[in-house]
Amino acid sequence: MKGLPRPRRSLWLGIGLGVVLVVLAAAAAVAIAGLQPADLTYTPNSESQMTNIDVARAYAKNYYGAPTATSGPNGTWNAPLNEDSNYAAEARSVAKQGENWLWARSKVENRAIVLDVDDTTLTTWNYELFSNWDFNPTTNAQFVGLTNGAFTGNAFPATPGMVDLVNTAKSLGYSIFFLTGRGDSQHQATVANLQSDTAAGLPDLTTVTISGKTVPEIDAGYPAPTPLAAGHGGFADGLFTKPPVGQYPAYLNTPEFCATAIANNASCATIPYKSGTRAYIESQGYDIVANFGDQFSDLLGGFADKTFKMPNPNYYLP
């Protein structure tokens with residue numbers, strides 16, 4: 001498996017298979033969106049209050065340093081992430097702010113950090129191009145590393161600056177936990193992408209073939225998280241994936257978190273799921289000094305001393 005060199009959505013909306021897709025808006029709207037969650041009930045009164053969708057896609061390509069990129073399975077999704085792009089620079093800037101905070105809080109007892117996966121520690125720009133910003137669980141799973149349930153290799157590169165951040169955290173004595181909305185069925189494939197295929201107990205692949213194109217298979221090289229029982233799926237490796245409906249752990253079955261969803265045999269929403277998991281981590285004696293995510297839903301709900309929002313103009317998950 002190849003370890004790549006180290007060197008998550010603004011405001012027009014489309015919906016694809018239950019995932020809200022948001023692409024870059026005008027510069028002023030981007031600045032506003034960066035300060036607070038979007039109001040998805042807002043109805044524009046005029047075209048002038050929106051950004052043309054084709055223009056938004058062009059802005060996104062420019063931001064990721066791929067102005068001539070083409071979308072779709074036959075497009076240029078297989079080009080490496082541009083580490084000199086404005087996106088990469090912004091991601092590294094947030095990571096550096098996080099590092100500074102971790103240094104400042106490095107004497108806190110039982111200190112820990114929590115990190116989301118997609119577009120926080122792994123960047124999914126190649127899939128946005130492949131899918132033309134239209135999420136499909138089957139094709140997305142191929143980039144995660146699974147084809148018809150079998151491991152076929154990971155395609156997401158590390159988010160710029162974030163491997164260094166997590167290595168710094170480890171060197172400063174922080175416990176490390178990953179918390180993602182990916183399901184339990186993708187647990188081992190996620191370990192393989194974050195760390196390595198061998199760390200996940202999977203075949204050590206060197207390439208991935210998707211839609212007829214072969215690209216290097218990616219081990220991002222993050223350090224192993226801190227072991228902690230997840231309370232479901234038999235997982236105890238410090239990566240918290242989301243359990244299937246009907247299999248939520250007892251610590252989420254409280255009114256402030258997922259009790260209503262559990263009682264209705266429904267999926268727990270992101271904010272109560274993630275905040276409830278962070279509450280569980282802290283109940284085990286840890287102090288979450290920093291929580292990193294690309295979505296506001298990764299960060300809201302408390303149980304962290306400070307939050308850091310990674311850039312992601314491609315989709316919005318409430």
Side-chain angles (χ1 to χ4, degrees), residues 6 8 34-37 90-122 158-181 190-191 194-195 199 220-232 235-242 249-252 254 256-258 270-312:
R6 296 181 281 216
R8 185 163 180 48
L35 298 176
Q36 60 189 4
E90 187 172 8
R92 283 192 294 265
S93 176
V94 177
K96 185 61 178 176
Q97 294 170 37
E99 281 193 41
N100 292 340
W101 174 250
L102 297 184
W103 276 101
R105 302 283 289 169
S106 62
K107 302 303 181 183
V108 171
E109 293 186 3
N110 302 317
R111 54 196 175 275
I113 62 171
V114 171
L115 307 106
D116 172 55
V117 174
D118 291 305
D119 294 293
T120 298
T121 48
L122 301 174
T159 299
M162 292 302 284
V163 174
D164 288 339
L165 169 102
V166 179
N167 280 327
T168 295
K170 183 177 180 180
S171 73
L172 292 173
Y174 283 83
S175 295
I176 299 161
F177 302 102
F178 293 97
L179 172 56
T180 176
T190 302
V191 173
L194 287 170
Q195 298 174 240
Y222 285 95
T226 303
L228 182 64
H232 59 89
F235 304 121
D237 56 9
L239 166 64
F240 289 79
T241 44
K242 192 172 185 178
Y251 60 78
L252 290 178
T254 61
E256 65 267 40
F257 301 130
C258 300
T270 301
I271 294 174
Y273 156 63
K274 290 201 167 187
S275 61
T277 303
R278 293 193 302 273
Y280 166 69
I281 293 171
E282 292 209 323
S283 77
Q284 301 305 295
Y286 296 98
D287 182 341
I288 300 174
V289 171
N291 176 27
F292 295 84
D294 66 291
Q295 301 293 308
F296 289 104
S297 54
D298 296 330
L299 306 175
L300 295 173
F303 303 97
D305 298 346
K306 190 176 179 65
T307 62
F308 293 86
K309 185 174 184 307
M310 300 300 294
N312 178 8

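Positions are given from 1, in the same order as the sequence printed here.
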* Asked: Which residues satisfy the side chain to side chain donor-acceptor pair (under 3.5 Å) test with E90, sequence neighbours excluded?
  -> Y63

* Under the side-chain contact (heavy atoms from CB on, under 4.5 Å) rule, collect the residues that match up with P249, sequence neighbours excluded. => H232, P243, Y251, L252

* Asked: Only one of N167, V163, V191 forms a side-chain contact (heavy atoms from CB on, under 4.5 Å) with Y222, so which one is it?
  -> V163

* Sequence neighbours left out, what pairs pass salt bridge (charged side-chain N to carboxylate O under 4.0 Å, His left out) with at least one residue falling in residues 277-290? => none

* Asked: Would you say R111 and L102 make side-chain contact, with heavy atoms under 4.5 Å?
  -> no

* Fit a plane to each ring of F308 and W101, take the angle between them on a 0 to 90° scale, and name the class: parallel (under 30°), tilted (30 to 60°) or perpendicular (over 60°). => tilted

* Asked: With a 4.5 Å limit on heavy-atom distance, are the side chains of S275 and L300 in contact?
  -> no

* Verdict with supporting geometry, V108 and Y174, side-chain contact (heavy atoms from CB on, under 4.5 Å) -> CA-CA 9 Å; V108 171; Y174 283 83; 5.8 Å; no

* Asked: Is there a side-chain contact between T120 and T159, using heavy atoms and a 4.5 Å cut-off?
  -> no

* **S175 vs N110 side-chain heavy atoms within contact, under 4.5 Å** => no

* To do: Measure across G293 and D116 and return the closest heavy-atom pair with its distance rounded to 0.1 Å.
  => CA-CB, 4.0 Å

* Is there any salt bridge (charged side-chain N to carboxylate O under 4.0 Å, His left out) pair reaching into residues 170-179, and which pairs are they, with sequence neighbours excluded? -> none

* Closest approach of F257 and A279, non-hydrogen atoms and distance? -> CZ-CB, 3.7 Å

* Nearest heavy-atom neighbours spanning A220 and A158 -> CB-CB, 3.9 Å

* To do: Let me know which of Y286, F303, F292 forms a ring-ring contact (aromatic ring centres under 6.0 Å, His included) with F177.
  => Y286

* With side chains defined as the heavy atoms from C-beta onward, is the minimum distance between W103 and T168 less than 4.5 Å? -> yes

* Quick one: pull up OG1 in T180 and CG in L194 and give me the separation to the nearest 0.5 Å. => 8.5 Å

* **Partners meeting side-chain contact (heavy atoms from CB on, under 4.5 Å) with S93 (sequence neighbours left out)** => Q97

* How close do L239 and D237 get, heavy atom to heavy atom, and via which atoms? -> N-OD1, 3.1 Å

* Structure fact -> In this structure, CG of D164 is separated from CD of E99 (nearest 0.5 Å) by 6.5 Å

* Just how far is it from atom CZ of R105 to atom CG of N100, taken to the nearest 0.5 Å? -> 14.5 Å

* L115 vs L165 side-chain heavy atoms within contact, under 4.5 Å -> yes

* Asked: Between M162 and M310, does a side-chain contact (heavy atoms from CB on, under 4.5 Å) hold up when you go through it step by step?
  -> CA-CA 10 Å; M162 292 302 284; M310 300 300 294; 3.7 Å; yes

* State, yes or no, whether a side-chain contact exists between D298 and K274 at a heavy-atom distance under 4.5 Å. => yes

* Non-hydrogen side-chain atoms of V114 and F240 separated by less than 4.5 Å -> no

* Applying side-chain contact (heavy atoms from CB on, under 4.5 Å), run through L228 and Y280 and close with a yes or a no. => CA-CA 10 Å; L228 182 64; Y280 166 69; 4.2 Å; yes

* Please identify each residue that fulfils side-chain contact (heavy atoms from CB on, under 4.5 Å) with S297, with sequence neighbours left out. => T270, I271, Q295, L317

